[in-house]
Each structure stands twice: as structure tokens, then as C-alpha cells.
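All of these numbers come straight from a predicted model, not from anything done at the bench. Letters A, B, ... are given to chains in the order of the sequence lines, protein chains preceding strands, and every chain is numbered from 1. FYI, side chains are in, hydrogens and waters are out, and symmetry mates aren't considered; it's all heavy atoms of this structure.
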Amino acid sequence: MRLSNAFLKTMKEVPKEAQVVSHQLMFRAGMIQKLASGIYNYLPMALRSLRKIEAIIREELEKKGCQEVLMPIVQPAELWRESGRWDYYGAELLRFKDRKDSDFCLGPTHEEVITDMVRKNLKSYKQLPWNLYQIQSKFRDEIRPRFGLMRGREFIMKDAYSFDESVEKSMENYQLMYEAYTDIFNRCGLKFKAVDAATGAIGGDKSHEFQVLAESGEDGILSCSHCDYAANEEKAAVKERQFKTDSSIFTPLEEVHTPNQKSIEEVTAFLGKKPEELIKSLVYMIDEEAVLILVPGNKEVNEAKIQAFFNANVVHLADDKTVEEITGAKTGFAGPVGLKKQIKIAADRGIQEFPNMICGANKTDYHLTGVNFERDYKVEEMGDFIHALPGEPCPVCDEGKLEEHRGIEVGQVFYLGTKYSESMSCNFLDRNGKQVPAVMGCYGIGVGRTLAAAIEQNHDEAGIVWPMAIAPYEVLVMPLQLKDEDVVNVGNTLYKWFMDLGIDVAIDDRNERAGFKFNDADLIGYPLQIIIGSKTLAEGMVEVKIRATGEKLKIKVAEIQDWVVNFKKEALK
RNA sequence: CGGGAUGUGGCCCAGUGGCUAGGGCACCUGGUUUGGGACCAGGGGAUCGGAGGUUCGAAUCCUCUCAUCCCGACCA
């Protein structure tokens with residue numbers, strides 16, 4: 001590509017709406033342009049990098065036996081009604097009608113379509129395993145798109161879906177994809193961590209996220225300082241402990257007047273107690289069922305854990321009216337003792353730590369003191385319902401503590417089980433001639449987000465520092481003095497040589513001053529700059545600048561091809 | 001959806017009731033320059049987000065609306 005004719009405009013200043021470095025640099029380097037909030041045009045430089053990431057993905061997935069398909073973005077509502085998600089996917093699913101008034105949506109993900117596609121073709125276990133993938137645009141009407149390609153509404157995603165005859169076989173597929181993802185992100189030159197993850201609206205019960213470590217990451221990750229445990233903050237487990245109960249120190253249950261003292265802070269201040277001596281009691285709607293959730297007063301409820309524990313589709317706090325109906329008191333005075341309407345009670349294990357706790361009395365303006373587990377109330381479910389925090393002991397080993405990192409989620413693998421195959425009757429005949437649902441997994445990679453994450457991780461003050469594998473161009477040939485015929489000729493010759501060698505090469509043949517070209521080259525981040533100047537050329541040499549290190553070398557013109565080919569080979573190892 | 005903020009050439013910004021709306025970057029022409037974002041001269045490009053209102057007069061004041069960004073809630 002000749003820069004003199006490139007569809008490319010670089011910029012010194014950034015629009016103020018670009019807040020993170022990857023967005024700023026992609027904008028300045030002329031890679032993307034915003035069309036609407038969270039919706040971007042990909043210009044040639046960006047597309048070249050995206051295509052390289054896609055090529056790596058295709059290679060690694062084909063190695064694992066995956067097969068590429070392409071499904072439509074526009075999807076009929078009836079499939080979503082069949083899976084049940086039409087009703088609870090929420091506003092993120094962009095819905096619309098066609099001219100015949102039929103409901104459609106833009107695909108935010110493709111479990112429904114793929115399951116439908118597969119069930120029309122799947123008859124026998126002999127056909128399995130299948131792992132089908134596509135690379136395609138998704139649309140999710142995010143409440144708050146942000147950070148350029150990091151969280152767009154329309155974005156390019158690789159999604160894959162596996163179909164197996166058994167849970168064991170599905171786990172094998174899961175493992176293959178885990179390996180493929182590791183290879184893919186390594187090849188893209190990223191530093192990342194695979195962490196335990198929650199499954200959210202996709203469903204299923206086993207999942208790992210691939211998190212690129214970066215300060216600007218939206219996700220919190222907790223990892224052990226000692227062992228290799230790592231999990232998304234919302235999934236990270238709290239270590240199980242043994243609690244001893246000494247009923248001899250139990251004090252009697254007492255009602256105390258706490259007028260207008262609703263929050264944990266208010267009640268602890270009013271009674272002169274510590275937050276951990278309170279039981280935080282919250283009424284949650286878990287799908288259609290109201291459940292009282294108890295956690296220690298100094299901890300935060302973790303809705304993701306509740307959703308997973310109850311295998312629920314939707315979890316949210318009950319509204320004030322429901323709370324009043326159940327407790328018989330205004331909100332802020334709920335507790336496990338003496339509920340007006342008996343509902344299921346589920347408690348975090350941590351509430352057993354202290355005796356003589358305080359909780360709402362289910363009576364407006366009153367709390368109870370001397371509340372003791374088992375003696376005064378029982379719970380149906382006991383589990384881990386709170387957020388783990390940095391500094392807490394590792395849930396797996398006995399040595400380590402949890403440390404916090406920020407991460408950008410570039411990929412996620414899920415074990416789905418039969419959630420979709422059952423609701424959508426994606427069945428086959430097994431070895432015993434019995435009709436059974438396929439066991440599924442699904443696997444996503446945010447392609448654009450991977451690009452953004454690569455920039456977040458690889459840049460300096462001057463601009464992008466591309467890993468060789470995903471650089472839009474590997475080499476930029478820079479003839480500096482366009483009035484010097486030798487310089488121009490050598491520039492054109494090298495440009496042709498590199499193209500013939502299969503190197504991705506561009507030539508800066510613009511009539512600009514040297515400084516301008518250098519700054520532009522550093523901004524765009526070509527891994528290698530081949531600088532051709534009159535003086536060095538007179539010695540039969542050209543200069544090579546290695547973007548990653550800033551190193552400059554003089555190399556004989558006759559040796560430059562071998563040198564570059566070799567450098568590229570080393571960089572891609 | 002709650003809180004905060006912003007909309008003035010492609011980008012960054014100035015202009016808070018009064019002449020034809022300014023500057024920098026970018027763009028075009030000519031000249032000088034030419035190894036780390038050059039300089040001089042000339043030039044093109046804006047219905048000041050939109051609609052309505054107040055006023056002799058509105059980018060500026062008022063009302064509504066649209067869009068965008070940040071924090072939160074939410075979300076692969």
C-alpha cells in the first residue's frame with residue numbers, strides 16, 4: 001500500500017469522547033470512526049488487523065476440528081420464544097417487526113439459531129461431536145456503550161457451539177476450546193489469564209473467561225498469590241470455614257426500638273455495634289419466587305452467585321410493596337425471625353461467625369438483638385452469597401491471599417449442558433437407540449475487543465506498538481528524500497521485494513518531511529521501519545528501526561531481505 | 001433508568017445580548033524549507049445539534065427536544 005494514496009488520515013489531537021488509550025490511538029491512527037454511539041466504521045488499517053486476528057482464530061479452531069458456518073444477524077422471534085429468552089433477555093435484545101408485523105430481533109448471540117440449525121440435521125450419535133463456529137457481527141443494545149471498540153453495541157464476535165453425546169464428551173470439547181483460546185491469545189501477543197467465571201444470561205454452569213490484564217479493564221479479577229486459582233470478582237469463592245457454636249454465651253432475644261434507623265450504618269451507629277454483628281436481610285425475587293437472603297452486615301450480596309445457586313434466569317431485589325407484604329414492616333426492618341409471610345430463607349455461611357446478632361424485627365422501627373442461628377431461626381439453604389474481597393484467604397489453597405487485578409474479557413468458554421437442546425428439542429438417538437438431547441457448550445471471542453485489548457497492552461507515548469502477528473502492516477518502507485532518485489528507486493525496489501516475499505508492507509511515498517513521517521510511523525506502530533536516507537544509502541546501507549525497542553540498525557541493502565524475513569520469523573515464534 | 005457534563009467547519013477550542021462568528025490543527029494554491037509532527041503569503045469550508053419562544057437585535061436568555069460523554073445501576 002502506498003501511503004500517498006491511502007484511505008488514511010492520522011491526527012495529533014483526539015476527540016474528547018475518547019477516554020481510553022486504545023480508543024484514542026485507534027482514532028488518531030485513522031483506524032476507526034464512530035457512526036453512532038457504540039457503532040463504528042472500521043477503516044483499512046483496523047480491518048487488516050481484525051482480519052489477522054480472525055485468521056489466527058480460524059487456524060486454531062480448525063486444528064481442533066471446528067467447522068465454520070455463517071448464520072443471519074436477523075433472527076425470528078419464534079426461536080427466542082421457544083428457548084424462553086424472548087421474555088427475559090431484556091432491552092439489550094433489539095427487537096423489531098417486518099412488514100407483515102412479525103417479530104424479529106438482531107442477534108446478540110446465536111444459541112437459538114444454531115440449535116435450530118443442528119436439530120434439523122442431527123439424527124444419530126454417530127454424527128457427533130460437532131463444533132460449529134462463525135465470525136460475524138453481533139448487536140447488543142447496551143445501556144452504556146463505552147471505550148470505543150471495548151464495549152460497542154455492534155461488534156465482531158467469533159462464536160462457537162459444540163454438540164456432544166454426553167457430558168464427558170462435552171467436557172473434552174470444552175478442554176479443546178480452552179486450549180485453542182490459550183493458543184489464539186498467545187499468538188496475538190497478549191498477556192492474559194483464564195479465570196473462573198459466572199455464566200449470566202447465557203446459562204449453563206461451568207465457564208472460564210480469558211482476561212487480558214490491563215489497568216483500563218472493566219472487570220475485576222481475584223487471583224491467588226500462591227496457587228493458580230483465579231476468578232472473576234463476581235465468581236470468586238469465599239473460603240469455607242468451620243464455625244463453633246457456644247450456646248452458653250447466647251443472650252435472650254430482645255426487641256429494641258430503632259426509630260427510622262434503616263441502613264446498616266444507621267443501625268450500627270445507633271446501637272453502638274459493628275457492621276459484622278448485623279444480619280443484612282434482603283428480599284430477592286429469584287425468577288418468580290421471593291426468597292429472604294441473609295448475609296453478614298459488613299458484606300455485599302453477590303447476585304451472580306445467587307443466580308447460579310438457584311439456577312435462576314433472573315434475580316433482582318423485590319420492590320418495596322412486596323417487601324412490606326412479606327415482612328409486615330417497611331423496608332429496612334426485615335429479618336429472619338417472625339416474618340409475616342413465610343418464604344424461603346437462604347443464608348450466607350458467614351452469618352454463623354458471631355453469636356448474638358442484630359437483625360430487623362419485621363416491625364417498622366424495631367430491631368432484634370441476641371439473634372442466634374438455629375435457636376431463633378432456621379434457613380433452607382446455606383451457601384456462598386457474598387462478594388469475595390482482595391486480601392481474603394484463597395478458597396483453594398491454604399497459603400495464598402486473593403489479589404486484585406483489572407482485566408478485559410476477550411473470550412469466554414461455557415459448558416451449557418442441555419439448557420437449549422432440551423427447550424428446543426435438539427435430540428438424537430444414542431447408542432441404546434434412545435432419544436436424548438445434545439450436550440452443548442458455547443465459546444465466544446470478541447474480535448474487536450481483542451484488537452482494543454492488544455493496544456491497551458502494547459503502546460507507548462508515541463503510539464501503538466503492534467505485536468507482529470496482528471500488525472496491519474509488518475514493514476513500512478520510508479524513503480526520506482524524494483528528490484534523490486536513488487532513495488526513491490531503492491524505496492520502490494524494497495517495497496516490491498518485500499511484497500514478493502509475502503511481507504505485509506507499506507511505503508511512505510508522501511512528500512512530507514522526515515519528522516512527520518517518523519511520528520506517523522510510530523503512531524501507527526509498524527513493527528519495522530526501513531528508513532532510506534541519502535547519506536546512509538551512499539554507504540550502501542539502509543536503517544531499520546524496531547518499533548518495540550526503539551533500536552536503530554544499519555543494514556546493507558543487499559542483506560535487508562534476509563534480515564527482515566528472519567526478524568519476522570523470530571517475532572512470530 | 002438515576003446523577004453529572006457537553007454540543008460552535010473534519011479534530012481541539014475561544015466567543016455569555018450588539019458590526020460580516022474567531023483561533024490552532026487539518027485541507028487547497030504559490031514560494032522557501034527538508035533526519036523527529038517546518039515557515040511565509042493567499043484561499044476554501046459553519047444555516048453555532050434541532051424546534052419553538054423572548055427581544056429592535058440571540059451562538060449567547062427561556063422552553064421543549066435530539067445527540068454525545070463520564071459515574072452508577074445493568075450487561076457476553
I'd like a table of donor-acceptor pairs (distance under 3.5 Å, sequence neighbours excluded) in which one partner is a side-chain atom from residues 180-188 of chain A, with atom names and distances.
unit_1	atom_1	unit_2	atom_2	d
A:Tyr181	OH	A:Lys158	NZ	2.6
A:Tyr181	OH	A:Tyr443	O	3.3
A:Tyr181	OH	A:Gly444	N	3.0
A:Tyr181	OH	A:Gly444	O	3.2
A:Thr182	OG1	A:Tyr178	O	2.9
A:Asn186	ND2	A:Thr182	O	3.2
A:Arg187	NH1	A:Glu59	OE1	3.1
A:Arg187	NH1	A:Glu60	OE2	2.8
A:Arg187	NH2	A:Glu59	OE1	3.3

Modelled atom types, side-chain donor and acceptor of A:Lys305 and A:His387, under 3.5 Å: no

Between CE of A:Met478 and P of B:U34 the distance, given in whole Å, is 18 Å

Starting the side chain at C-beta, find the nucleotide from B:A76, B:G35, B:G72 nearest to A:Ile143. B:G72

For the pair A:Phe210 and A:Phe192, name the ring-plane relationship: parallel under 30°, tilted 30 to 60°, perpendicular over 60°. tilted

Out of B:C11, B:A76, B:G37, which has the shortest distance to the side chain of A:Arg140? B:A76

Say you pick atom P in B:G49 and the same atom in B:A21; how far apart are they, in whole Å? 15 Å

What nucleic acid atoms does A:Gln529 come within less than 4.0 Å of, heavy atoms only: base, sugar-phosphate, or nothing? nothing

Nucleotide N/O of nucleotides 28-31 of chain B paired with protein N/O under 3.5 Å:
none

Of the residues in residues 151-163 of chain A, which ones touch RNA chain B at a heavy-atom distance under 4.0 Å? A:Arg151, A:Phe155, A:Met157

Establish, with yes or no, whether the OP1 or OP2 oxygen of B:U68 is under 4.0 angstrom from a side-chain nitrogen or oxygen of A:Lys16. no

Which nucleotide sits closest to the side chain of A:Arg513: B:U34, B:C12, B:G72? B:U34

Any side-chain to backbone donor/acceptor pair from A:Asp460 onto A:Gly463? Under 3.5 Å, distance only. yes

Nearest to side-chain heavy atoms of A:Lys545, which nucleotide of B:G35, B:G36, B:U33: B:G36

Could you measure between the two P atoms, the one in B:A26 and the one in B:A38, and give it in whole Å? 8 Å

Could you check which of B:U68, B:G35, B:C12 has an atom nearest any side-chain atom of A:Ala36? B:U68

Which one is paired to B:A21, where only Watson-Crick or G-U wobble pairs with both distances under 3.5 angstrom count? none

Could you tell me which residues satisfy salt bridge (charged side-chain N to carboxylate O under 4.0 Å, His left out) with A:Lys193, sequence neighbours excluded, listed by chain and number? none

Listed by chain and number, what are the side-chain contact (heavy atoms from CB on, under 4.5 Å) partners of A:Gln19, not counting sequence neighbours? A:Phe147

Applying the Watson-Crick and G-U wobble criteria at under 3.5 Å, what pairs with B:C75? Answer none if nothing qualifies. none

What integer number of Å spans the C1' atoms of B:U8 and B:C12? 12 Å

Expressed as a whole number of Å, how far does the P atom of B:G9 sit from that of B:A51? 15 Å

Mind calculating the distance between CG (A:Asp484) and P (B:U33) to the nearest angstrom? 17 Å

Quick one: look up who B:G57 pairs with, Watson-Crick or G-U, both distances under 3.5 Å, and put none if it's unpaired. none

Quick note, A:Phe518 side chain, CB onward, closest among B:C70, B:G36, B:C74 is B:G36

Non-neighbouring partners of A:Glu461 that pass side-chain contact (heavy atoms from CB on, under 4.5 Å), sequence neighbours left out: none

Can you tell me how far C1' of B:A73 sits from CZ of A:Arg144, to the nearest Å? 10 Å

Counterpart residues, side-chain contact (heavy atoms from CB on, under 4.5 Å), relative to A:Ser49 (two or more places apart): A:Leu451, A:Trp466, A:Pro472

A:Arg146 side-chain proximity, nearest of B:C71, B:G35, B:C12: B:C71

When all nucleic acid strands are considered with a 4.0 Å heavy-atom cut-off, which category describes A:Glu209: base, sugar-phosphate, or nothing? nothing

Could you work out the separation of B:C25 and B:C74 based on their P atoms and round it to a whole Å? 47 Å

What's the closest nucleotide to the A:Leu480 side chain, out of B:G35, B:C71, B:A76? B:G35

Protein proximity profile, nucleotides 21-26 of chain B - base contact B, sugar-phosphate-only contact S, no contact -, cut-off 4.0 Å on heavy atoms: ---BSS

Set of side-chain contact (heavy atoms from CB on, under 4.5 Å) partners for A:Arg58, sequence neighbours left out: A:Glu54, A:Glu68, A:Tyr133, A:Ile135

Quick one about A:Asn492 and A:Arg2 (side-chain donor to acceptor, distance below 3.5 Å, no hydrogens or angles considered), yes or no? yes

Indicate, with a heavy-atom threshold strictly under 4.0 Å, whether A:Leu482 touches base, sugar-phosphate, or nothing. nothing

Now, which nucleotide makes the Watson-Crick or G-U wobble pair with B:A38, with each of the two distances under 3.5 Å? B:U32

List, one per line, each side-chain donor-acceptor pair under 3.5 Å for residues 33-41 of chain A, sequence neighbours excluded.
unit_1	atom_1	unit_2	atom_2	d
A:Lys34	NZ	A:Glu17	OE1	3.0
A:Lys34	NZ	A:Glu17	OE2	2.9

Identify whether any heavy atom of A:Glu543 sits under 4.0 Å from a base atom; if not, whether one sits that close to sugar-phosphate; answer base, sugar-phosphate or nothing. base

Reading RNA chain B from 5' onward, which residue's closest nucleotide shows up sooner: A:Lys552 or A:Gly444? A:Lys552

With sequence neighbours left out, which residue pairs that include part of residues 18-27 of chain A fulfil the salt bridge (Lys or Arg N to Asp or Glu O under 4.0 Å) condition? none

Looking at B:G72, B:U68, B:G35, which one has an atom nearest to any side-chain atom of A:Glu17? B:U68

Expressed in whole Å, how much space separates the C1' atoms belonging to B:C27 and B:U63? 40 Å

Quick one: does A:Lys483 reach the base of B:U34 with a side-chain donor-acceptor pair under 3.5 Å? yes

RNA chain B nearest-nucleotide lookup for A:Glu303 and A:Gln19: closer to the 5′ end is A:Gln19

Between B:C39 and B:G45, how far is it from one C1' atom to the other, in whole Å? 23 Å

Expressed as a whole number of Å, how far does the P atom of B:A73 sit from that of B:G50? 36 Å

List the atom pairs, donor and acceptor, that lie under 3.5 Å between side-chain atoms in residues 530-541 of chain A and the rest of the protein, sequence neighbours left out.
unit_1	atom_1	unit_2	atom_2	d
A:Ser534	OG	A:Gln481	OE1	3.2
A:Ser534	OG	A:Asp484	OD2	2.8
A:Thr536	OG1	A:Gly533	O	3.3

Does B:G7 pair with anything, Watson-Crick or G-U wobble, both distances under 3.5 Å, and if so, with which nucleotide? B:C66

Could you tell me the separation between the CG atom of A:Leu35 and the C1' atom of B:A67, rounded to a whole number of Å? 13 Å

Which whole-number value in Å describes the distance from A:Tyr89 OH to B:C74 P? 16 Å

Keeping A:Gln529 on the side-chain end and A:Phe518 on the backbone end, is there a donor-acceptor pair under 3.5 Å? no

For A:Met1, is there any backbone N or O sitting under 3.5 Å from a side-chain donor or acceptor partner on A:Tyr495? yes

